[in-house]
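In each ligand, atom 1 is the first atom listed, and ligand 1 is the first ligand listed.
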Amino acid sequence: MSDARVIDGKAFAEALRRRVADEVHRLRDYAHTVPGLAVVLVGEDPASQIYVRNKGRQTVEAGMQSFEHRLPADVTEGELLTLIHGLNHDAAVHGILVQLPLPDHIDSHAVIDAIDPQKDVDGFHVVNAGRLAVGAPDAMVPCTPLGCLMMIKDRHDDLSGLRALVLGRSNIVGKPMAALLLAEHCTVTLAHSRTRDLAGECRRADILVAAVGRPAMVKGDWVKPGATVIDVGINRVDAPERGPGKTRLAGDVDFAAAVEVAGAITPVPGGVGPMTIACLLRNTLVAACQQLGADPPDV
Ligand code: GUN
C-alpha cells in the first residue's frame, strides 16, 4: 500500500459550496439581491445536458437564482448573440455561462467575446484571460484550474520555487493553470503533445497537472516520488470487466500506479470534477458582489 493521500474532491467541493451559500445569505441581507446565473445550452449533447442540469440544481441549492436557456442545435449565431446581449443587460443575471462545445456553424470566440467580462463567470473572455496573464487582481479565473489550485494550496503552504508541470495547453485548463501557478511563484513548464521527453519533464515536477484528455497517459514511473498529482481528465473508456457494453470514467493518469508514488493525488471520478461547479458558484458570487458594490466574499 502507498502512503499517498487521495484528495477528496467531493468533500472539498461540498465545503466550498457551504461557504458560498453562507456568503449568498450575507449578500442578500446587504443588497437585498441574490446572485443570478444564466446557463445557455445549444443542442442536445447528452454530457452537456447532465452538466447543465447539475449546474442549475447546485445554483439553487446555494441560494442563488438559476436561469436556463436551451436553444436548438440549428440556432443561428445571430440569435445566440441576441440572447447574450439581453443577458448582459438583465440586472437579475450576474453570471453568464455558454456551455461548450458549440455546434460547428457557431464561432465560439465571437460568442465568448459578446459576454460582458464582468459577467464572464467562466473566465474565458480575452479581457479576463489578459487580466489573469498580467496578474490583475480582478480577473475572473476559469473554474477548473481555480479548483485545482485550491486543492494544491491545501497540500502546500507555500508553492514558491516548486516545479510545476502542466500537461495540456487548452484555453479552458492548461493556459490558465500555468498562469495561476506562475502567480504562486512556481517554476512552470507547459507541456503538450509535441513536448520532447515528456516522461522526463513530468518526473521533475513537484506538482503535476494532467489535462490532455487521454486515458491513463501519465504512467506511474512518470511521477516524482512525493509529488502532488492533479488529474483533470474525464475520459469514458470501455469496462468489459463490469459486463458487456459497460463503460467507466478514467483520468489522464494511471491512478493505480501513480498512487504508489505520489504524495497526494486526485481520483477520477471524485477529484477535480466536483470542484468545477463549486468554483462556478464561487465566481457567480464574486461577480454579483462586484456588480452590487459589496465587499469581495471570503471564499
Ligand atoms: N465544457 C466543458 N467544460 C466547460 C466549462 O468549464 N465551461 C463551459 N462553458 N463549457 C464547458
- [ ] Would you mind telling me if ligand 1 is within reach of the side chain of Val98, the backbone, both or neither, using heavy atoms under 4.0 Å?
- [x] backbone

- [ ] Could you tell me which non-hydrogen atom of Gln58 sits nearest to which non-hydrogen atom of Arg17, and how far apart they are?
- [x] OE1-CD, 3.4 Å

Open item on the list: Heavy-atom contact check, 4.0 Å cutoff: does Phe124 meet ligand 1?
Closed with: yes

Task: Ionic contact status for Asp298 with Arg26, cut-off 4.0 Å - done: no

Task: For Gln99, atoms of ligand 1 separated by under 4.0 Å from a heavy atom - done: 1 (N), 9 (N), 10 (N), 11 (C)

Open item on the list: Which residue and atom name correspond to the protein heavy atom nearest atom 10 (N) of ligand 1, and how close is it?
Closed with: Leu100 N, 3.0 Å

Task: Shortest non-hydrogen separation from Arg214 to Asp252 and the atoms involved - done: N-OD1, 3.0 Å

TODO: Run the salt-bridge test on Glu241 and Arg248 with the 4.0 Å N-O cut-off and return the result as yes or no.
DONE: yes

TODO: Specify the protein heavy atom at minimum distance from atom 7 (N) of ligand 1: its residue, its atom name, and the distance to 0.1 Å.
DONE: Asp122 OD1, 3.0 Å

TODO: For the pair Asp206 and Lys224, find out whether any cationic side-chain nitrogen is under 4.0 Å from an anionic carboxylate oxygen.
DONE: yes

Task: Per-atom contacts, ligand 1 versus Leu97 - under 4.0 Å to a heavy atom - done: 9 (N)

